[in-house]
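Structure first, then comments.
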Number of protein chains: 4
Amino acid sequence: MTPSTPVAPPARATEPKRERGRQRVAAIMDAAVTVFTEKGYDAATMTEIAARSATAIGSLYRFFPTKEALAEALLLRYAQQAKNGLAELELQVPEMTLEAVADALVDFVLLLQSQRSFATALVDARSGSDDHRKRFREAMRSGVAGILSRAIAHLKPARAKVMAIVLIHMLKGVAGVANEEPSARAVLMAEFRDLVRLYLVSASARIDSK
Amino acid sequence: MTPSTPVAPPARATEPKRERGRQRVAAIMDAAVTVFTEKGYDAATMTEIAARSATAIGSLYRFFPTKEALAEALLLRYAQQAKNGLAELELQVPEMTLEAVADALVDFVLLLQSQRSFATALVDARSGSDDHRKRFREAMRSGVAGILSRAIAHLKPARAKVMAIVLIHMLKGVAGVANEEPSARAVLMAEFRDLVRLYLVSASARIDSK
Amino acid sequence: MTPSTPVAPPARATEPKRERGRQRVAAIMDAAVTVFTEKGYDAATMTEIAARSATAIGSLYRFFPTKEALAEALLLRYAQQAKNGLAELELQVPEMTLEAVADALVDFVLLLQSQRSFATALVDARSGSDDHRKRFREAMRSGVAGILSRAIAHLKPARAKVMAIVLIHMLKGVAGVANEEPSARAVLMAEFRDLVRLYLVSASARIDSK
Amino acid sequence: MTPSTPVAPPARATEPKRERGRQRVAAIMDAAVTVFTEKGYDAATMTEIAARSATAIGSLYRFFPTKEALAEALLLRYAQQAKNGLAELELQVPEMTLEAVADALVDFVLLLQSQRSFATALVDARSGSDDHRKRFREAMRSGVAGILSRAIAHLKPARAKVMAIVLIHMLKGVAGVANEEPSARAVLMAEFRDLVRLYLVSASARIDSK
DNA sequence: AATGAATGAGAATTCATTCAT
DNA sequence: TATGAATGAATTCTCATTCAT
């Protein structure tokens, strides 16, 4: 048969309507995280994801009609978690010192880290609707900017945004520490922690001195 | 037991003996950089690289026996350039202020940047012998550490190494600025520059205060 | 890999550049005619066409990048033959009686018939660029109309066109006779022949009587 | 040896006992006509037919155990209608002129036409038991032959059959007119009408002249 | 040495049909 | 009985790599 969807939008996953389906979807997503993380988006195969989640390939496609749709769903879930985490953190900022905020951000990243590497793989993938990816990036930036605004008095929104971008980049480095030799990890972590603190404190100081 | 070399080391198959060959190789490598950058390692095809360099696919394989070998060669060339640049920079460090060194590092990254995006694509690719990649990373770190050692008096080698790692990560961010909206680029660049300076100056100060 | 041609035009076949390739292409096209005829466009598989022409599937795709492209090429070849045949016939019309022209048209169809059934399958297929199909239809109609114009004096172009359409439809019936029981074929053929003659003669008479 | 019935005859799985079921079946059949018409037999999917008739795929299969069975049922329904129409027409023939009969046949086809295109799709499909198709064809031919016999005095049964075949083919052309450009339709219709009349009248005349 | 043809494993995706709830 | 999940063979198409001229 000739494909009946010559130019279709990214295609959303069919929502499971029974308990069994929901379990399947969960299993698939977990397996997908693993495989994407191990191999990257391109090299990961739907077949392997199906196999690892003990799902027939047809069933996999029932819920995720496209490799891309699957990645998208994963990213969405991840984004949700990240967003929630940031929102939570933001609430606690008022009662924290700047250093504590810096540490909290680092801890937050560390918490997400298990999923982060796959997210990196997917976010960096070039194919597909960058739409979601952009929105995700934006959400992260807004979240971090929000925290910064609360943490540093009189920080202008524009600067908060810029700092958020830089900060997020730094935090990516934190996640990357996991790939280093075990012996070096502790020191590296400490160094990153210091740098993050330094960045926030310095920014705060610059404002106060004005 | 014989040493573990089951697979022939992926390297250039034939050293081009004649001028004609060297041109071919150069054309191929240039095309490869373009294609790898545009599509990423996996999505790039040998056929397209051949086409873009006006090379027959068979000829391409004469020079680079596998896709991986081609990537490796590219990486090697890139590493060489980076190394040379760093070495050069290192020589000039003694006559520079710390801030100038920070700026120079940023400028250096910017210079490499055109090739950097493809390098990122290749370095992040998981397949194949990480051997080269590791060596490349090591070289970069050593180079930057060397510069730091010369730039900051009494900096212990171990700390220089740690700082190099952190610094290199930051510099990657600098390269990433290119992907941002044009309107935001200048500010972001400035922010990164500040941060790099801040990092070096702060590290230097910490030592002096001891 | 993700496909690199998300929305590409029907894709033309790569022209073979060596003798071997040309033979391949011929073998493939012959096999394709057979398979399309036997199973129809949808049910025919590229795998089977490859197998029947003793071609590796990859080679098949080298020359015909799409199932559709293959069908298109077949149709083109067929159209060319039909066109040529009609053009030839047109030249001879002046020296023929009307009945002879009628018979010649029937014979012409019979000649094409071996390929006709597959062409029907392809022309009727819904997918793909109707462009070629339309052009083919138009060519046939023009050809037949030309013959009619030469065969029937004072026939107006517009009427010639209309008659051509009707005539071509009748001729399709002639081709369809092959599917009937052998015992009935001869009589059916004769009946169709008579009808075609009747049609032409009657049309001619109507003009003369004016 | 037992008679060759290896596969169960594809027929309605369950006669709907209740009103509800009958509605379902009707909805399914209607949707099926639409989808088959739009896409052709092969490209039509059971899933889509189910969706369009708001039927669960499982339910669809309760009523029609295979895709083929569904097609068969559709064809059967169509055949019934055609048969009835022809039978009705046959009764009226004695009081009609030959020309009127010709027109009536054309009108009859036009009436069926809405369903005809799908029927064409299915009749032309090669898969499955041609049994039904043959029977359908036979019924049509008999019906038309009957009409002819009544319309043309002294027409021998054998000739009636042959003429029926030719006539039916011509009538298919009438149905095909719908695909032509609107501007051309009227003229084409008239031409086909004339041809049908011409055919009947001429046949009648030939007999009388004997 | 250069070129383009050949190869075939493997990837994404579809869909008729069967099962379990 | 009705529903939606499960299944997996089959299909189109890709591409790194090898061969033959």
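Residue numbering restarts at 1 for every chain, and letters A, B, ... go by the order of the sequence lines.
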>> Looking at K39(A) and T45(A), would you say the former's side chain and the latter's main chain have a donor-acceptor pair under 3.5 Å?
In response: no
> Atom NZ of K39(A) to atom P of dA12(E): distance rounded to whole Å?
Replying inline: 11 Å
>> For a quick check of understanding: with a heavy-atom distance under 4.0 Å over all strands, which category does A50(A) fall into, base, sugar-phosphate or nothing?
In response: nothing
> With a distance cut-off below 6.0 Å to the six-membered ring centre and an angular limit of 45° from the axis, does K67(A) pair with Y41(A) as a cation-pi contact?
Replying inline: yes
>> Closest approach to the side chain of I57(B), judged atom by atom: which nucleotide of dT17(E), dG4(E), dT12(F) is it?
In response: dG4(E)
>> Expressed as a whole number of angstroms, how long is the span from R22(A):CZ to dA6(F):C1'?
In response: 17 Å
> Just to confirm, is there a sub-4.0 Å distance from OP1 or OP2 of dG4(F) to any side-chain nitrogen or oxygen of R62(A)?
Replying inline: no
> CD of E48(D) versus P of dT14(E): gap in Å, rounded?
Replying inline: 13 Å
> Which nucleotide, dA6(F), dA9(E), dT7(E), lies nearest any side-chain atom of S59(A)?
Replying inline: dA6(F)
>> Quick check: do M29(C) and V33(C) have side-chain heavy atoms less than 4.5 Å from each other?
In response: no
>> I need the minimum non-hydrogen distance between D42(A) and A43(B), along with the two atoms involved.
In response: OD2-N, 4.3 Å
>> Distance check needed: dT18(F) C1' versus F63(B) CZ, whole Å only.
In response: 17 Å
> What are the two closest non-hydrogen atoms of S53(A) and A31(A), and how far apart are they?
Replying inline: CB-CB, 3.7 Å
> What integer distance in Å separates M46(D):CE from dG4(F):P?
Replying inline: 17 Å
> More 5' along DNA chain E: L60(B) or T55(C), using each one's nearest nucleotide?
Replying inline: L60(B)
>> If you apply the rule side chain to side chain contact (heavy atoms under 4.5 Å, CB included), what do you find for L70(D) with F63(D), and how did you get there?
In response: CA-CA 9 Å; L70(D) 175 54; F63(D) 297 120; over 6 Å; no
> What is the distance, rounded to the nearest whole Å, between atom CZ of F64(B) and atom C1' of dT18(F)?
Replying inline: 19 Å
> Do the side-chain N or O atoms of R24(A) get closer than 4.0 angstrom to the phosphate oxygens (OP1, OP2) of dA6(F)?
Replying inline: yes
> If each of G58(C) and A44(C) is mapped to the nucleotide of DNA chain F with the nearest heavy atom, which maps nearer the 5' terminus, i.e. the 5' end?
Replying inline: A44(C)
> Hey, which of these two, A43(A) or A54(B), hits DNA chain E nearer its 5' end, going by closest nucleotide?
Replying inline: A54(B)
> Just how far, in rounded Å, is C1' of dA11(E) from OH of Y41(A)?
Replying inline: 12 Å
> Phosphate oxygens OP1/OP2 of dC13(F): is one of them under 4.0 Å from a side-chain N or O of Y61(C)?
Replying inline: yes
>> So does A69(A) get a backbone contact from the side chain of T66(A), meaning a donor-acceptor N/O pair under 3.5 Å?
In response: no
> Can you tell which of dT17(E), dT12(F), dT17(F) lies closest to the side chain of T45(C)?
Replying inline: dT12(F)
>> Just to be sure I understand: a Watson-Crick pair is purine N1 to pyrimidine N3 plus N6-O4 or O6-N4, both under 3.5 Å. Using that and G-U wobbles, which stems of three or more pairs involve DNA chain F?
In response: E:2-21 with F:2-21
> Expressed in angstrom and rounded to an integer, what is the separation of I49(A) atom CD1 from dA11(E) atom C1'?
Replying inline: 12 Å
> Taking for each residue the nucleotide of DNA chain F bearing the nearest heavy atom, is the 5' side occupied by K67(B) or by A56(A)?
Replying inline: A56(A)
> Between D30(B) and R77(B), is there a salt bridge with N-O shorter than 4.0 Å?
Replying inline: yes
